[in-house]
Amino acid sequence: MALTSKVAIVTGAAQGLGRGFSEILLQNGAKVALLDVNETVGKSLKETFDNQYGPDKSLFLSCNVESEEQLKAAFQKTIQTFGRPHIMCNNAGIINESNWEKAVSINLMGVVRGTYLALEHMNKLTGGQGGVVVNVGSLAGLGPLPCTPVYTATKHGVVGFTRAMAAASDISGYGIRFNVICPAFVQTDILNALYQPEKTGQFSSLIENTKKLIEMYGIIEVPDVSKNFLQLVTDETKNGEALAVLQKGCSYVTFPAL
Ligand SMILES: NC(=O)c1ccc[n+]([C@@H]2O[C@H](COP(=O)([O-])OP(=O)(O)OC[C@H]3O[C@@H](n4cnc5c(N)ncnc54)[C@H](O)[C@@H]3O)[C@@H](O)[C@H]2O)c1
Ligand SMILES: CCCCC[C@H](O)CC\C=C/C=C/C=C/[C@@H](O)[C@@H](O)CCCC(=O)O
């Protein structure tokens with residue numbers, strides 16, 4: 001998929017991986033709707049992108065992925081501004097083992113909400129142009145991260161949901177590819193949760209185990225993830241893939257045939 005003039009929507013775009021994904025899409029000629037609950041940082045990023053790529057290449061929209069209404073409004077505004085989307089990245093996510101319902105609402109339900117809205121607007125069976133949805137999982141979506149059991153559950157859910165959507169698309173002919181990217185530890189603010197007992201809750205005592213995992217896996221920089229994200233967006237042979245991104249390299253996950 002060539003990205004020139006394609007329309008992308010990225011959630012959690014204001015910083016971290018979402019900013020990196022948005023930036024590589026802009027660098028490759030796409031127009032990007034930047035959705036985030038953090039209005040201050042999001043508006044600041046929009047100014048930065050305006051200076052780098054031009055004022056008509058990105059759009060910041062305040063949007064909490066916990067709200068179906070706000071996501072629907074963001075899609076409508078994006079369509080009014082840029083046209084129907086071709087690319088959807090459900091990236092927004094948190095760690096909160098204390099308020100675990102919030103983590104489920106954002107990390108899993110927010111991905112479902114965004115995916116279903118993308119299906120509604122991209123589905124070739126209902127007038128859409130097709131396209132690609134890249135959901136953001138985690139290595140914790142492929143194996144347990146002991147200090148964050150609910151986060152682990154949400155990410156396992158994102159992996160399974162995305163693979164099922166890819167299969168449904170293949171069978172039904174939506175013309176949409178669905179893939180999930182599963183990075184290990186990446187240098188972003190979410191890593192701070194490790195040192196915030198209010199985020200790790202009853203599992204705060206597992207901090208040493210997590211530090212050992214970080215030591216074992218290392219910490220990746222955002223651009224190393226972004227370049228692999230771009231592969232999932234542009235390679236039209238990729239549907240139903242889970243791409244693990246580690247410091248030692250990346251690999252497509254092979255799941256057991258049942
Ligand atoms: N950093 C890592 O080690 C790592 C590894 C694997 C996967 N991930 C995943 O990457 C994604 C991005 O996280 P990050 O590492 O960039 O962290 P981050 O905290 O730097 O960025 C998360 C972004 O999501 C936004 N956000 C949070 N809740 C939201 C909501 N309800 N609605 C809209 N936006 C919301 C935040 O404002 C922020 O801009 C998450 O899904 C996370 O689980 C991160
Ligand atoms: C407190 C910081 C939380 C960061 C959460 C991010 O999503 C990063 C998660 C990074 C690593 C998770 C590691 C999990 C490791 C083991 O479960 C291992 O079994 C996973 C093996 C996966 C595979 O290769 O199949």
Side-chain angles (χ1 to χ4, degrees), residues 9-22 34-42 44-45 60-67 70-71 74 89-97 102-111 113-114 134-152 154-156 158-159 180-197 199-201 203-204 206-207 209-222 224-226 228-229 242-256:
I9 298 175
V10 180
T11 70
Q15 65 180 55
L17 284 167
R19 172 173 176 162
F21 298 155
S22 301
L34 314 163
L35 277 49
D36 205 295
V37 70
N38 188 330
E39 205 161 338
T40 306
V41 177
S44 172
L45 179 63
F60 173 73
L61 296 168
S62 177
C63 176
N64 182 340
V65 300
E66 293 185 88
S67 164
Q70 290 187 32
L71 270 169
C89 177
N90 292 293
N91 165 75
I94 66 167
I95 285 173
N96 194 326
E97 296 298 317
K102 187 176 185 65
V104 173
S105 176
I106 294 167
N107 297 9
L108 180 56
M109 295 167 69
V111 170
R113 293 185 192 104
V134 180
N135 291 328
V136 182
S138 164
L139 199 61
L142 302 171
L145 184 59
C147 70
T148 59
V150 169
Y151 177 86
T152 295
T154 65
K155 293 304 184 178
H156 275 68
V158 169
V159 171
V180 56
I181 192 163
C182 297
F185 299 102
V186 187
Q187 193 58 62
T188 73
D189 281 359
I190 208 170
L191 293 188
N192 298 330
L194 178 60
Y195 305 99
Q196 297 168 321
K199 296 288 178 65
T200 48
F203 304 100
S204 303
L206 297 180
I207 186 169
N209 167 266
T210 312
K211 286 179 178 177
K212 284 177 184 168
L213 282 172
I214 292 174
E215 197 173 315
M216 183 170 76
Y217 283 100
I219 297 179
I220 318 165
E221 294 301 325
V222 168
D224 290 327
V225 186
S226 301
N228 288 294
F229 161 80
L243 181 59
V245 183
L246 306 173
Q247 194 173 53
K248 66 184 179 183
C250 67
S251 59
Y252 287 99
V253 180
T254 304
F255 293 90

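One-based numbering, in listed order, for ligands and for the atoms of each.
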Who's the nearest protein heavy-atom neighbour of atom 24 (O) of ligand 1, and how far?
Gly12 CA, 3.4 Å
By salt bridge (charged side-chain N to carboxylate O under 4.0 Å, His left out), which residues pair with Lys102, not counting sequence neighbours?
Glu66
Taking Ser62 for its side chain and Val37 for its backbone only, find out whether a donor-acceptor pair lies under 3.5 Å.
no
Where ligand 1 meets Asn64 - atom numbers and elements under 4.0 angstrom, heavy-atom basis
30 (C), 31 (N), 32 (N)
Looking only at side chains, do Gln15 and Asp189 share a donor and an acceptor under 3.5 Å apart?
yes
Closest non-hydrogen protein atom to atom 14 (P) of ligand 1, residue and atom name please, with distance?
Thr188 OG1, 3.5 Å
For Glu39, salt bridge (charged side-chain N to carboxylate O under 4.0 Å, His left out) partners two or more places apart
Lys43
Identify, for atom 7 (C) of ligand 1, the protein heavy atom at the shortest distance, and state residue, atom and that distance.
Gly137 O, 3.1 Å
Taking only non-hydrogen atoms of Ala184, do any sit less than 4.0 angstrom from ligand 1?
yes
Proximal ligand 1 atoms for Phe185, defined as those under 4.0 Å from one of its heavy atoms
3 (O)
Distance check, rounded to the nearest 0.5 Å: Leu35 atom CG versus Gln70 atom CD?
9.5 Å
For Lys155, state whether at least one heavy atom is located under 4.0 Å from any atom of ligand 1.
yes
Between ligand 2 and the protein, which N/O pairs are shorter than 3.5 Å?
residue: ligand 2; atom: 7 (O); partner: Ser138; partner atom: OG; Å: 2.6
residue: ligand 2; atom: 7 (O); partner: Tyr151; partner atom: OH; Å: 2.5
residue: ligand 2; atom: 17 (O); partner: Gly143; partner atom: O; Å: 3.4
residue: ligand 2; atom: 17 (O); partner: Pro144; partner atom: N; Å: 3.0
residue: ligand 2; atom: 17 (O); partner: Pro144; partner atom: O; Å: 2.5

What residue and heavy atom of the protein are closest to atom 21 (O) of ligand 1, and at what distance?
Gln15 CG, 3.8 Å
To the nearest 0.5 Å, tell me how far Asp36 CG sits from Arg19 CZ.
12.0 Å
Spatial distance of atom CG (Asn135) from atom SG (Cys182) [nearest 0.5 Å]
10.0 Å
Heavy-atom distance to atom 35 (C) of ligand 1: which of Val37, Leu191, Val65, Leu71 wins?
Val37
The closest protein heavy-atom partner of atom 40 (C) of ligand 1 is Asn91 O, 3.2 Å
Within ligand 1, which atoms have a heavy atom of Ile94 less than 4.0 Å away?
27 (C), 28 (N)
Identify, by atom number and element, the atoms of ligand 1 in contact range of Gly16, meaning under 4.0 Å from any of its heavy atoms.
16 (O), 20 (O)
Between Val134 and Phe21, is a side chain to side chain contact (heavy atoms under 4.5 Å, CB included) present by the stated rule, with each step listed?
CA-CA 10 Å; Val134 180; Phe21 298 155; over 6 Å; no
Which ligand 1 atoms does Asp189 reach within 4.0 Å, using its non-hydrogen atoms?
20 (O)
If we number the atoms of ligand 1 from 1 as shown, the ones under 4.0 Å from a heavy atom of Val136 are 9 (C), 10 (O), 11 (C)
Can you check whether Leu145's main-chain N or O pairs, donor with acceptor, with Thr152's side chain at less than 3.5 Å?
yes
Quick note on ligand 1: atoms under 4.0 Å from a heavy atom of Asn38 include exactly 37 (O)
Note the single closest protein heavy atom to atom 37 (O) of ligand 1, along with its residue, its atom name and the distance in Å.
Asp36 OD1, 2.7 Å
Contact with ligand 1 for Ser105, non-hydrogen, under 4.0 angstrom:
no
Calculate, to the nearest 0.5 Å, the distance between atoms SG and CD belonging to Cys147 and Glu97 respectively.
7.5 Å
Can you sort out which atoms of ligand 1 are near Leu17, meaning under 4.0 Å from one of its heavy atoms?
8 (N), 10 (O), 16 (O), 44 (C)
How far is atom 43 (O) of ligand 1 from its nearest protein heavy atom, and which residue and atom name does that atom have?
Tyr151 OH, 2.6 Å
Which is it for Val245 and Asp224 under the side chain to side chain contact (heavy atoms under 4.5 Å, CB included) test, yes or no, and what are the steps along the way?
CA-CA 8 Å; Val245 183; Asp224 290 327; 5.5 Å; no
I'd like to know whether Phe229 forms a side chain to side chain contact (heavy atoms under 4.5 Å, CB included) with Leu243, so could you lay out the CA-CA distance, the side-chain angles of the two residues, the decisive distance to 0.1 Å, and finally the verdict.
CA-CA 9 Å; Phe229 161 80; Leu243 181 59; over 6 Å; no
Rounded to the nearest 0.5 Å, the OG1 atom of Thr200 sits from the CG atom of Leu206 at a distance of 8.5 Å
Can you tell me which portion of Leu35 lies within the under-4.0 Å heavy-atom range of ligand 1? Options are side chain, backbone, both, or neither.
neither
What is the nearest protein non-hydrogen atom to atom 33 (C) of ligand 1, stated with its residue, atom name and distance?
Cys63 O, 3.2 Å
With Phe185, which residues qualify under ring pair (Phe, Tyr, Trp, His ring centres under 6.0 Å), at least two apart?
none
Can any side-chain N or O of Gln187 pair as donor or acceptor with the backbone N or O of Ile219 at less than 3.5 Å?
no
Run the numbers on Phe60 and Leu45 for side chain to side chain contact (heavy atoms under 4.5 Å, CB included), then give the verdict.
CA-CA 8 Å; Phe60 173 73; Leu45 179 63; over 6 Å; no
